[in-house]
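Working notes, beginning with the structure itself.
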Amino acid sequence: MRAVFSVLGLLIVVAIVGVLAKKQLSSGVAPATSANAPAGVAVPAGTPKQQVQQFEQAVQGAMQQPRAMPDEGQ
């Protein structure tokens, strides 16, 4: 009996996830443009490849900065 409820519960969860995934995939709506973006929200510019390159450059720049050393005069 316990196994039957476990399997039924699992099937219900899979059905719900399937319905939600179908809704997400069938919506097909493009993301909001910069004209519709709320104030204070940065809209990414360029292609996804350019965005990845910008991120990598920002990470490399942050890693190249020297770390502030604490005072050792205690």
Side-chain angles (χ1 to χ4, degrees):
M1 193 68 165
R2 187 180 212 181
V4 172
F5 284 129
S6 296
V7 170
L8 285 176
L10 184 62
L11 287 175
I12 290 171
V13 169
V14 168
I16 291 171
V17 169
V19 169
L20 292 175
K22 185 177 179 183
K23 275 186 182 180
Q24 283 288 80
L25 292 174
S26 67
S27 66
V29 178
T33 60
S34 60
N36 297 335
V41 175
V43 178
T47 64
K49 187 174 184 177
Q50 290 172 337
Q51 293 172 7
V52 169
Q53 288 174 345
Q54 289 174 354
F55 177 77
E56 288 174 349
Q57 289 172 353
V59 169
Q60 288 297 327
M63 291 179 66
Q64 296 299 324
Q65 294 176 356
R67 188 170 34 160
M69 298 301 288
D71 292 333
E72 295 182 22
Q74 291 183 359

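Fair warning: this is a prediction, and the values are worked out from it, not measured in the lab.
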Practice prompt. Kindly write out the residues that satisfy side chain to side chain contact (heavy atoms under 4.5 Å, CB included) with V59, not counting sequence neighbours, or none if the list is empty.
Written response: F55, M63

Worksheet, complete the sentence: Output for pair (I16 CD1, L11 CG), nearest 0.5 Å, gives 11.0 Å

Fill in: Pairing residues for K49 by the side chain to side chain contact (heavy atoms under 4.5 Å, CB included) criterion, not counting sequence neighbours
T47, Q53

Practice prompt. Using the rule that two of Ile, Leu, Val, Met, Phe, Trp, Tyr join whenever any of their side-chain heavy atoms come within less than 4.5 Å, decide whether I12 and V4 are in one cluster.
Written response: no

